[in-house]
Student: 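Quick one: the structure is below, questions incoming.
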Number of protein chains: 2
Amino acid sequence: MKKEPLVDCCSFLHLHEDALHKVLGEMPPDETLYDLAELFKVFGDSTRIKILYALFEAELCVCDIAQLVGVSQTAISHQLRVLKNAKLVKFRRDGKTVFYSLADDHVRRIIGQGMEHIQES
Amino acid sequence: MKKEPLVDCCSFLHLHEDALHKVLGEMPPDETLYDLAELFKVFGDSTRIKILYALFEAELCVCDIAQLVGVSQTAISHQLRVLKNAKLVKFRRDGKTVFYSLADDHVRRIIGQGMEHIQES
DNA sequence: TGAACATATGATTATCTGTTCATATATTAT
DNA sequence: ATAATATATGAACAGATAATCATATGTTCA
């Protein structure tokens, strides 16, 4: 991830030098880490979390989501776009109505792990 | 989560009314969802993701983290505070040096699930 | 005690984000 | 074709956020 040589910044460095090189070796490429942060950023908004939670139970149309979440249709639409770009939700059109649903099970698992964490604290 | 009665916003609502009430029933309280978003917000920054990833392998002192991540000591310190507040990392002091490590296994699992998601796309 | 080192904190600033408002697109029914 | 409905999009603004700089705290050693 970082190519520059390591400086002996604090007296403990030499004790951990092998560990440091292991870290450097196993660190995913910067781009991957950036993408990962981008993904979690999507989960980092309560409106989007509510949308995802609502979709846990059922496929829902935009106006239903808006009501459940208690936010304007416009705001929901913007947020659904974010979720769509992150491939967290998919959609199908039926006449005038568009139905959204969870894209896959990662959403459930990620939110589940997060929930576990905050409930232990 | 939302107490107001549901409006018949689109023609599909009645088809899903039971699903909607199931959603409303199983939705965690607003405060929980807010906390959940706050947690994921912490994962939603590449500097913090890098810090957490570095701590996957080993307990590290601040200056080592700064070098590995390639960011100033000050910036790392600010971010470590965020991670600490979210109970994602813990620390111990040894003389002048402070060593940080992962607080528990949720960090690994959450990042692992995220990684799976981005690598499938 | 004072100098050197490791880390933390506060203020500032530039950038990013989410909502709102106005409007556009798409579909259906009359 | 026109109106009505469901959703999407663009611009703009307010609030949040992360890095930087200056400085403070805490620890060790001479």
Side-chain angles (χ1 to χ4, degrees), chain A residues 6-16 33-34 37-52 59-86 89-101, chain B residues 6-16 33-34 37-52 59-86 89-101:
Chain A
L6 295 174
V7 179
D8 198 4
C9 58
C10 75
S11 55
F12 286 92
L13 179 66
H14 62 285
L15 293 175
H16 298 281
L33 296 172
Y34 186 81
E38 286 302 300
L39 174 65
F40 286 120
K41 216 169 276 184
V42 176
F43 287 91
D45 173 80
S46 59
T47 299
R48 288 190 293 264
I49 285 281
K50 286 178 189 178
I51 294 174
L52 293 173
E59 173 190 70
L60 294 170
C61 68
V62 177
C63 64
D64 286 351
I65 297 172
Q67 282 199 76
L68 284 170
V69 174
V71 176
S72 73
Q73 176 270 318
T74 304
I76 291 292
S77 239
H78 279 299
Q79 299 300 8
L80 283 170
R81 185 155 52 103
V82 175
L83 293 169
K84 213 161 43 180
N85 289 341
V89 301
K90 57 186 197 295
F91 65 100
R92 69 179 178 88
R93 176 152 221 141
D94 184 346
K96 287 176 284 189
T97 309
V98 178
F99 289 98
Y100 282 84
S101 56
Chain B
L6 296 174
V7 178
D8 199 2
C9 57
C10 75
S11 56
F12 285 91
L13 179 65
H14 62 286
L15 291 176
H16 298 279
L33 297 172
Y34 186 80
E38 286 302 299
L39 174 65
F40 286 120
K41 215 170 278 184
V42 176
F43 287 90
D45 174 80
S46 59
T47 298
R48 288 190 294 262
I49 285 280
K50 285 178 190 178
I51 294 175
L52 293 173
E59 173 189 69
L60 294 170
C61 68
V62 177
C63 65
D64 286 351
I65 297 172
Q67 282 198 76
L68 283 169
V69 173
V71 177
S72 74
Q73 175 270 317
T74 304
I76 291 291
S77 239
H78 280 299
Q79 299 301 5
L80 282 170
R81 184 155 54 103
V82 175
L83 293 169
K84 212 162 42 180
N85 289 341
V89 301
K90 56 185 198 294
F91 65 101
R92 67 178 180 89
R93 176 154 221 144
D94 184 346
K96 288 176 283 188
T97 310
V98 178
F99 289 97
Y100 282 83
S101 56

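Side chains are part of it too, since the values below use all heavy atoms of this structure and drop only hydrogens, waters and symmetry mates.
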Student: Please report the interatomic distance SG(C61(A)) to CZ(R92(A)), rounded to the nearest 0.5 Å.
Tutor: 10.0 Å
Student: Which of these nucleotides, dT9(D), dA19(D), dT19(C), is closest to any side-chain atom of A75(B)?
Tutor: dA19(D)
Student: Using whole Å, report how far CZ of R92(A) lies from P of dA6(D).
Tutor: 16 Å
Student: Checking Y34(B) now: which residues fulfil ring pair (Phe, Tyr, Trp, His ring centres under 6.0 Å) with it, not counting sequence neighbours?
Tutor: none
Student: When you check the phosphate oxygens OP1 and OP2 of dG18(C), does a side-chain N or O of R48(A) lie under 4.0 Å from one of them?
Tutor: yes
Student: How many whole angstroms separate atom CG of D64(A) from atom P of dA6(D)?
Tutor: 10 Å
Student: What side-chain donor-acceptor pairs closer than 3.5 Å can you find for residues 69-82 of chain A, not counting sequence neighbours?
Tutor:
residue : atom : partner : partner atom : Å
S72(A)  : OG   : A75(A)  : N            : 3.1
Q73(A)  : NE2  : S77(A)  : OG           : 3.4
Q79(A)  : OE1  : R48(A)  : NH1          : 2.8

Student: Would you say the side chain of V89(A) lies within less than 4.5 Å of the side chain of L52(A), judging by non-hydrogen atoms?
Tutor: yes
Student: Measure from CD1 on I76(A) to C1' on dT7(D) and round the result to the nearest Å.
Tutor: 12 Å
Student: Is any side-chain N or O of Q73(A) under 3.5 Å from a base N or O of dA6(D), one able to act as donor and the other as acceptor?
Tutor: no
Student: Enter the distance from C63(A):SG to K96(A):NZ here, rounded to the nearest 0.5 Å.
Tutor: 11.0 Å
Student: Give a yes/no on whether any side-chain N or O of S72(B) is located under 4.0 angstrom from OP1 or OP2 of dT20(D).
Tutor: yes
Student: Within the stacking criterion (centroid distance below 5.5 Å, interplanar angle below 30°), does H78(A) stack on dT19(C)?
Tutor: no
Student: Round to the nearest Å and state the distance from L80(A) atom CG to dT19(C) atom P.
Tutor: 11 Å
Student: Any side-chain N or O of Q79(A) below 4.0 angstrom from OP1/OP2 of dT17(C)?
Tutor: no
Student: Quick one: is dT9(D) close enough that its OP1 or OP2 comes under 4.0 Å of any side-chain N or O from R81(A)?
Tutor: yes
Student: Assuming nearest nucleotide by heavy-atom distance, tell me which of T74(B) and V82(B) is located more 5' along DNA chain D.
Tutor: V82(B)
Student: Figure out the NZ/C1' separation between K96(A) and dT30(C), and round it to whole Å.
Tutor: 12 Å
Student: Rounded to the nearest angstrom, tell me the gap between atom CD1 in I49(B) and atom C1' in dA18(D).
Tutor: 15 Å
Student: With a 4.5 Å cut-off on side-chain heavy atoms, are F40(B) and I49(A) touching?
Tutor: yes
Student: With a non-hydrogen cut-off below 4.0 angstrom, is Y100(B) in contact with a base, only sugar-phosphate, or nothing?
Tutor: sugar-phosphate
Student: Less than 4.0 angstrom between a side-chain N/O of K41(A) and OP1 or OP2 of dT17(C), yes or no?
Tutor: yes
Student: Does dA6(D) have its OP1 or OP2 closer than 4.0 Å to a side-chain nitrogen or oxygen of T97(A)?
Tutor: no
Student: In terms of side-chain heavy atoms of R93(B), which of dG26(D), dT9(C), dA8(D) is nearest?
Tutor: dG26(D)
Student: T47(B) side chain N/O closer than 4.0 Å to the phosphate oxygens (OP1, OP2) of dA18(D)?
Tutor: no
Student: Rounded to the nearest angstrom, tell me the gap between atom NZ in K50(A) and atom P in dT19(C).
Tutor: 10 Å
Student: In whole angstrom, what separates D45(B)'s CG from dA16(D)'s P?
Tutor: 18 Å
